[in-house]
Colleague: 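Below are the structure tokens for one structure; questions will follow.
Note that this is a predicted model, so its numbers are computed, not measured. So you know, we letter chains A, B, ... as the sequences are listed, proteins then strands, and number each from 1. All values below come from the heavy atoms of this structure, side chains included, with hydrogens, waters and symmetry mates left out.
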2 protein chains.
Amino acid sequence: MSARQVKFCGWGYEGEGLDATEEKLVLGTVAARFGVDGFERKAAPKPDDITLPAPRVAAPGDLAGLVSADHRDRLLHTYGQSYPDYVRMFARDFAHAPDLVGHPESEEDVAALIDWAGGANVAVIPFGGGTSVVGGVEPAVGDGFAAVMSLDLTGLDRVLEIDRASRAVRVQGGMRTPALEAALKPHGLTLRHFPQSFEMATVGGMIATRSGGHFATLYTHIDDFVEATRSVTGAGIMETRRLPGSGAGPSPDRLMIGSEGSLGVITEAWLRLQDRPTHRASTAILFDDFFAAAECVRQIAQSGLYPANTRLLDQNEALVNGFGDGRRSVVVLGFESHDHPVDAWMNRGLEICRANGGHYDAEAARDPEGHKQGAAGAWRSAFIKMPHFRTAQVANAIISDTFETAITWDRFREFHENVMAATTRALHDATGRAGIVTCRFTHAYPDGAAPYYSFHALGRHGALMEQWTEIKKRASDAVIEHGGTITHHHAVGRDHMPWYARQRPALFGAALKAVKGTLDPHGIFNPGVVVT
Amino acid sequence: MSARQVKFCGWGYEGEGLDATEEKLVLGTVAARFGVDGFERKAAPKPDDITLPAPRVAAPGDLAGLVSADHRDRLLHTYGQSYPDYVRMFARDFAHAPDLVGHPESEEDVAALIDWAGGANVAVIPFGGGTSVVGGVEPAVGDGFAAVMSLDLTGLDRVLEIDRASRAVRVQGGMRTPALEAALKPHGLTLRHFPQSFEMATVGGMIATRSGGHFATLYTHIDDFVEATRSVTGAGIMETRRLPGSGAGPSPDRLMIGSEGSLGVITEAWLRLQDRPTHRASTAILFDDFFAAAECVRQIAQSGLYPANTRLLDQNEALVNGFGDGRRSVVVLGFESHDHPVDAWMNRGLEICRANGGHYDAEAARDPEGHKQGAAGAWRSAFIKMPHFRTAQVANAIISDTFETAITWDRFREFHENVMAATTRALHDATGRAGIVTCRFTHAYPDGAAPYYSFHALGRHGALMEQWTEIKKRASDAVIEHGGTITHHHAVGRDHMPWYARQRPALFGAALKAVKGTLDPHGIFNPGVVVT
């Protein structure tokens with residue numbers, strides 16, 4: 001485990017985050033946008049503010065060293081990083097704190113803990129980076145269990161093997177992505193999968209939740225990088241054969257990918273890697289019309305150019321991210337390669353942009369460091385800092401959250417207009433005044449886009465949970481009703497279950513339940529998530 | 001159904017195939033290679049040669065119009081297109097002929113037939129193009145059933161919807177690929193997935209068997225083109241939501257993809273399409289050393305250039321396909337695009353070839369029609385005609401078959417040498433004289449290759465089945481022992497089950513069995529295939 005201490009009620013590690021000046025700047029911007037002159041600030045909780053009941057069970061003597069009942073440890077494993085998680089943290093509500101936190105350091109430890117839990121009817125919540133924004137790691141498992149153990153996997157943090165020829169790594173499930181990148185760097189390799197949770201996320205957590213990463217096209221989900229998996233289930237070890245491709249029956253990896261801890265614990269994976277890019281071009285293209293920009297992204301996504309980045313920001317998203325004039329949408333277009341200069345790719349990409357009415361700084365578009373500068377750079381920097389804003393928002397009763405989806409191109413306009421309208425109305429109805437809804441594309445496919453919506457409103461202390469719940473419900477209803485997926489890369493967790501149940505074929509739900517009966521015979525793995 | 005009559009004991013439709021001159025040419029080449037002056041030719045079976053027992057069941061009156069007990073129809077649905085299928089056809093062995101052949105023309109028909117079959121304990125073998133080379137459609141289901149019905153799905157042959165913006169088509173599962181391409185052509189679209197079985201293959205069959213297609217990189221399997229599926233299972237309809245990407249739980253489509261008819265019948269799918277290419281470059285590059293050529297393919301596969309074609313033919317494969325001098329390996333490299341000239345791509349691809357010792361005709365490499373000419377064209381033409389050779393081979397006791405796999409780059413050399421040696425030895429042991437084993441790559445991945453092996457030997461009438469079985473067994477053992485997959489794109493069927501069982505995680509097998517219990521409660525779907 002890291003020498004740095006993971007923060008309680010905040011993103012990342014103790015000592016990091018926004019400083020007073022940055023926080024003041026953020027709050028000032030929000031206040032100005034909503035026409036208020038300040039906020040009522042609630043104090044963030046401290047571990048000592050909270051009283052937890054004694055754990056209902058204790059691990060047997062031979063496992064005692066792997067299990068902690070430490071107060072702070074239990075608090076740290078009560079929530080993920082979602083908006084309602086923070087609201088409840090600020091409300092000092094830790095009703096679903098786990099009884100125990102498991103700290104395995106090997107696959108054998110994982111198996112032993114699971115074995116004990118199965119016999120003792122203790123629910124097990126696999127916990128990687130703890131970055132879920134959908135209630136995926138919350139030990140809210142109902143009354144059917146003797147106790148709950150959060151299983152912190154960050155002790156399984158080793159690179160086991162690097163295959164330079166195939167560009168692949170065998171890595172333990174609890175390894176965090178920055179440590180993995182550091183281990184790969186000397187080999188000239190990179191996973192190049194950077195979810196917003198990058199700093200804290202673990203390999204196993206990303207696989208279990210089908211995380212979305214760096215590449216806006218082609219290798220959008222971690223799914224594409226998974227060569228093989230090894231999991232501890234309630235029925236034993238399940239290890240898939242390492243193969244570049246196969247046609248032998250349904251893919252066993254694809255069953256574990258997205259299972260969100262409900263079928264077992266991913267203890268190892270072989271992941272496909274990239275060479276570190278040495279050629280880059282990136283620039284921001286402005287569009288007067290949002291749908292013209294979306295059409296441009298469609299054409300780029302269908303061009304076969306496969307840009308690393310082709311993210312669209314609507315006019316408000318652009319403004320929120322510190323550039324633009326609030327009237328124009330932005331497409332951030334970027335190419336990268338370790339193998340060849342990307343000029344031909346960028347030139348053609350820009351041609352498509354021009355043909356769709358995009359305009360840009362021709363000089364900046366040729367700057368290989370463009371991805372670090374200007375609009376592209378601003379977006380990149382805001383993206384990385386985003387998770388730190390949450391504490392300040394909740395402290396000041398600012399409602400601010402995101403939801404994301406995917407939709408085919410033919411339905412995009414109707415979908416988008418309906419989702420924007422439903423969310424806008426919900427913000428007003430829930431808070432009594434106008435809020436802000438913005439949209440960007442995180443990923444683009446030949447057959448559709450992955451729109452990502454952010455909403456911001458002025459909430460009220462004491463009512464934040466109800467306000468957020470109403471907004472979330474109405475936005476999610478709109479997403480499902482108009483043909484989207486309840487999640488493109490944030491996962492299902494506990495929060496999305498009602499909409500996932502509507503979206504998922506009922507028979508597939510039944511099939512998953514049958515699988516769970518086989519792999520999790522005691523029904524202890526992350527109860528209530530994905531398989532019900 | 002097509003006005004043309006599907007051929008009995010032969011590829012494609014009546015009236016097609018090799019003419020006498022072509023057949024003589026092929027046989028002459030084989031005779032010369034093995035140093036013999038001729039072959040003993042057995043007559044191909046005719047439907048009248050075969051006696052079938054009366055069907056053990058009859059469909060109830062309201063389904064009678066959907067079910068045939070016609071002699072020729074039953075014969076046509078007894079086998080796929082594998083070498084041992086033909087050996088048994090020539091032996092007039094139709095012991096596993098289906099009792100009945102279902103001919104649904106709608107999803108309702110499929111559901112009604114399945115409903116009846118479930119109640120009557122009649123095994124159901126979904127039958128699309130009937131092109132299985134792995135015993136996937138053979139009604140050899142053991143003694144546990146009252147009867148067997150082959151369910152011919154080619155009556156579900158309509159395009160239901162085309163979405164030009166998203167480049168996607170909703171198509172019925174029984175539609176054959178040439179008809180689909182013809183329907184897409186006026187829209188400037190193409191599925192661009194051309195398995196060797198292209199002429200006969202159906203959409204549902206390709207999805208059920210994870211077929212491999214045109215693109216040698218990136219979109220290698222049909223899996224990549226599946227946007228959504230709709231299936232009739234034994235528990236009702238299972239339809240997935242049409243999405244360009246999703247992170248909501250394990251993928252329901254990935255459960256049906258590769259299920260080979262064991263979980264239900266794929267009646268519809270949304271498939272992702274391509275614009276028809278307008279820019280092309282293709283050429284053949286010669287290498288003195290096979291492993292240098294493989295290394296070149298590895299670098300191309302990792303370059304991010306994503307060629308449509310980067311197929312490697314070893315020296316013998318090149319010779320068999322009508323070019324080369326039997327000493328040099330060939331890489332057929334091709335790029336295509338509807339969006340942009342591919343010069344930059346081809347130039348860089350050729351640079352990689354040169355750096356790895358490849359040589360080529362610089363002028364031909366710049367010819368946009370190069371894919372139709374020279375080595376590339378010869379390969380293409382041989383590839384398309386290949387399925388027609390089978391009848392002549394079996395008639396003349398020539399053993400000729402293929403097997404295919406995938407392996408990561410780090411293990412490729414050791415794997416290849418072992419598989420070649422094991423197969424070479426097996427050919428000699430089985431036939432008493434030297435045979436020929438050749439290798440090509442059908443697909444290439446950043447993390448590995450999909451080698452495809454062909455073997456040829458002089459067999460003996462009356463012993464062909466045993467000879468083939470010994471060779472197949474020893475080749476398959478070598479593939480599994482040295483880390484490959486028993487199939488990259490030919491599917492599992494009945495023939496590969498013993499090796500699939502070794503390759504598949506035991507717990508995944510148990511999970512599939514649980515799924516089958518849910519989706520196929522009567523256990524009637526393609527018994528013995530994939531799920532056991």
Colleague: Check whether A:Arg254 gets within reach of chain B through its side chain, its backbone, both or neither, counting any heavy atom under 4.5 Å.
Modeller: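 The answer is both parts of A:Arg254.
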Colleague: Measure distances from A:Leu512 to the heavy atoms of chain B and classify the residue's part below 4.5 Å as side chain, backbone, both or neither.
Modeller: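 Only the side chain of A:Leu512 comes within 4.5 Å of chain B.
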Colleague: Which one of A:Ala444, A:Gly517, A:Gly304, A:Pro446 has the most heavy-atom pairs closer than 4.5 Å to chain B?
Modeller: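 Result: the option with the highest number of such pairs is A:Pro446.
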Colleague: Using a 4.5 angstrom heavy-atom cutoff, name the option from B:Ile237, B:Val515, B:Asp163 with the most pairs to chain A.
Modeller: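 The answer is B:Asp163.
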Colleague: Heavy-atom pairs under 4.5 Å with chain B - which of A:Gly448, A:Ala301, A:Ala450, A:Ser211 has more of them than the others?
Modeller: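 Sorted descending by pairs with chain B, the first entry is A:Gly448.
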Colleague: Heavy-atom cut-off 4.5 Å, strictly under: side chain, backbone, both or neither for A:Arg272 against chain B?
Modeller: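 Side chain of A:Arg272 only, per the 4.5 Å heavy-atom cut-off to chain B.
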Colleague: Side chain, backbone, both or neither: which part of A:Leu243 has a non-hydrogen atom closer than 4.5 Å to chain B?
Modeller: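 Both parts, heavy atoms under 4.5 Å.
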Colleague: Has the side chain of A:Ser166 got a donor or acceptor atom that lies under 3.5 Å from a matching backbone atom of B:Trp409?
Modeller: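 Pair found, side chain donor or acceptor close to backbone of B:Trp409.
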Colleague: Quick one: what part of B:Leu263 sits under 4.5 Å from any heavy atom of chain A, side chain, backbone, both or neither?
Modeller: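 The answer is neither part of B:Leu263.
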Colleague: What's the separation between atom CH2 in A:Trp345 and atom NE2 in B:His340, rounded to the nearest 0.5 Å?
Modeller: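 One finds 8.0 Å between CH2 of A:Trp345 and NE2 of B:His340.
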Colleague: Quick check on A:Ser337 against chain B: is it the side chain, the backbone, both or neither that has a heavy atom closer than 4.5 Å?
Modeller: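 The side chain, not the backbone.
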Colleague: Using a cut-off of under 4.5 Å for heavy-atom pairs, which of A:Ala208, A:Ala168, A:Gly484 has the most such pairs with chain B?
Modeller: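 If we count pairs closer than 4.5 Å to chain B, A:Gly484 comes out on top.
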Colleague: Could you tell me the separation between the OH atom of A:Tyr306 and the CG atom of B:Leu305, rounded to the nearest 0.5 Å?
Modeller: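 So the gap between those two atoms works out to 12.0 Å.
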Colleague: Search all heavy atoms of A:Ala406 against all heavy atoms of B:Gly245 and return the closest pair with its distance.
Modeller: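 Nearest pair, atom of A:Ala406 first, then B:Gly245: CB-O, 3.2 Å.
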Colleague: Please determine, among B:Ile257, B:Ile486, B:Asp275, the option with the most heavy-atom pairs under 4.5 Å with chain A.
Modeller: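 When all of B:Ile257, B:Ile486, B:Asp275 are compared, B:Ile257 has the most.
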Colleague: So for A:His221, is it side chain, backbone, both, or neither that comes closer than 4.5 Å to the heavy atoms of chain B?
Modeller: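 Answer is side chain: those atoms of A:His221 sit under 4.5 Å from chain B.
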Colleague: Less than 4.5 Å to any heavy atom of chain A: does that hold for the side chain of B:Ala510, its backbone, both, or neither?
Modeller: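 For B:Ala510, backbone and side chain are both near chain A.
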Colleague: Which answer fits B:Leu255, side chain, backbone, both or neither, if we ask what part of it has an atom under 4.5 Å from a heavy atom of chain A?
Modeller: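 For B:Leu255, backbone and side chain are both near chain A.
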Colleague: So does A:Ala165 get a backbone contact from the side chain of B:Gln302, meaning a donor-acceptor N/O pair under 3.5 Å?
Modeller: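 Checking the backbone N and O of A:Ala165 against the side chain of B:Gln302, a donor-acceptor pair under 3.5 Å is found.
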Colleague: Quick check on the interface: out of B:Arg167, B:Arg164, B:Met256, who has the most heavy-atom pairs with chain A under 4.5 Å?
Modeller: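 Most heavy-atom pairs within the cutoff with chain A belong to B:Arg167.
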Colleague: With a 4.0 Å cut-off, would you call A:Asp410 and B:Arg242 a salt bridge?
Modeller: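 So A:Asp410 pairs with B:Arg242 through a salt bridge.
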Colleague: Examine whether an atom of A:Tyr219 lies under 4.5 Å from a heavy atom of chain B, and if so say whether it belongs to the side chain, the backbone or both; otherwise answer neither.
Modeller: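 When you check distances to chain B, only side chain atoms of A:Tyr219 fall under 4.5 Å.
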Colleague: Under 4.5 Å, counting heavy-atom pairs only, tell me which of B:Arg348, B:His489, B:Glu260, B:Gln299 racks up the most with chain A.
Modeller: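 Going by pairs under 4.5 Å, I would pick B:Arg348.
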Colleague: Side chain from CB out, backbone as N, CA, C, O: work out which of these in A:Leu218 comes under 4.5 Å of a heavy atom of chain B, or both, or neither.
Modeller: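 The side chain, not the backbone.
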Colleague: For A:Leu273, is it the side chain, the backbone, both, or neither that has a heavy atom closer than 4.5 Å to a heavy atom of chain B?
Modeller: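 No part of A:Leu273 comes within 4.5 Å of chain B.
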Colleague: With a 4.5 angstrom heavy-atom cut-off, is it the side chain or the backbone of B:Thr518 that approaches chain A, or both, or neither?
Modeller: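 For B:Thr518, the side chain is the part near chain A, not the backbone.
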Colleague: With a 3.5 Å distance limit and no angle check, can you tell me whether B:Arg210 reaches the backbone of A:Gly249 through a side-chain donor-acceptor pair?
Modeller: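 Yes: the side chain of B:Arg210 pairs with the backbone of A:Gly249.
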Colleague: Which is it for A:Ile480 and B:Arg241 under the side chain to side chain contact (heavy atoms under 4.5 Å, CB included) test, yes or no, and what are the steps along the way?
Modeller: CA-CA 10 Å; A:Ile480 291 300; B:Arg241 187 167 275 229; 3.7 Å; yes
Colleague: Looking at B:Gly509, B:Pro341, B:Gly483, which has the largest count of heavy-atom pairs under 4.5 Å with chain A?
Modeller: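 The candidate making the most pairs under 4.5 Å is B:Gly483.
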Colleague: Tell me, out of A:Ala511, A:Ala344, A:Ser303, who's got the most heavy-atom pairs with chain B below 4.5 Å.
Modeller: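 Heavy-atom pairs under 4.5 Å are most numerous for A:Ser303.
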Colleague: Considering only heavy atoms, which portion of A:Glu239 lies under 4.5 Å from any heavy atom of chain B: side chain, backbone, both, or neither?
Modeller: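 Just the backbone, heavy atoms under 4.5 Å.
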Colleague: Please report the shortest heavy-atom distance between B:Pro250 and A:Gly258, naming the atom on each side.
Modeller: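 Reported closest heavy-atom pair: CD-O, 3.3 Å.
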Colleague: Between B:Ser246 and A:Gln503, which heavy-atom pair has the shortest distance, and what is it?
Modeller: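 Closest pair (atom of B:Ser246, atom of A:Gln503, distance): OG-NE2, 3.8 Å.
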Colleague: What part of B:His338 lies closer than 4.5 angstrom to a heavy atom of chain A: side chain, backbone, both or neither?
Modeller: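 The side chain, not the backbone.
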Colleague: Search all heavy atoms of B:Pro244 against all heavy atoms of A:Tyr445 and return the closest pair with its distance.
Modeller: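 Here B:Pro244 and A:Tyr445 meet closest at O-CD2, 3.6 Å.
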Colleague: Side chain, backbone, both or neither: which part of A:Ala506 has a non-hydrogen atom closer than 4.5 Å to chain B?
Modeller: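 Looking at A:Ala506, nothing touches chain B.
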Colleague: Which region of A:Arg504, side chain (C-beta onward) or backbone (N, CA, C, O), has a non-hydrogen atom less than 4.5 Å from a non-hydrogen atom of chain B, or is it both or neither?
Modeller: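 The answer is neither part of A:Arg504.
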Colleague: Measure distances from A:Thr485 to the heavy atoms of chain B and classify the residue's part below 4.5 Å as side chain, backbone, both or neither.
Modeller: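 Interface part for A:Thr485: both.
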Colleague: Pull out the residues in residues 228-236 of chain B that come under 4.5 Å of chain A, heavy atom to heavy atom, sorted by number.
Modeller: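 Interface residues of residues 228-236 of chain B: B:Thr233, B:Ala235, B:Gly236.
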Colleague: At a heavy-atom distance under 4.5 Å, which candidate from A:Arg298, A:Arg411, A:His443 has the highest pair count against chain B?
Modeller: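 Result: the option with the highest number of such pairs is A:Arg298.
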Colleague: Among the options B:Pro252, B:Pro505, B:Ser259, pick out the one with the most heavy-atom pairs lying under 4.5 Å from chain A.
Modeller: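 Ranked by heavy-atom pairs under 4.5 Å with chain A, first place is B:Pro252.
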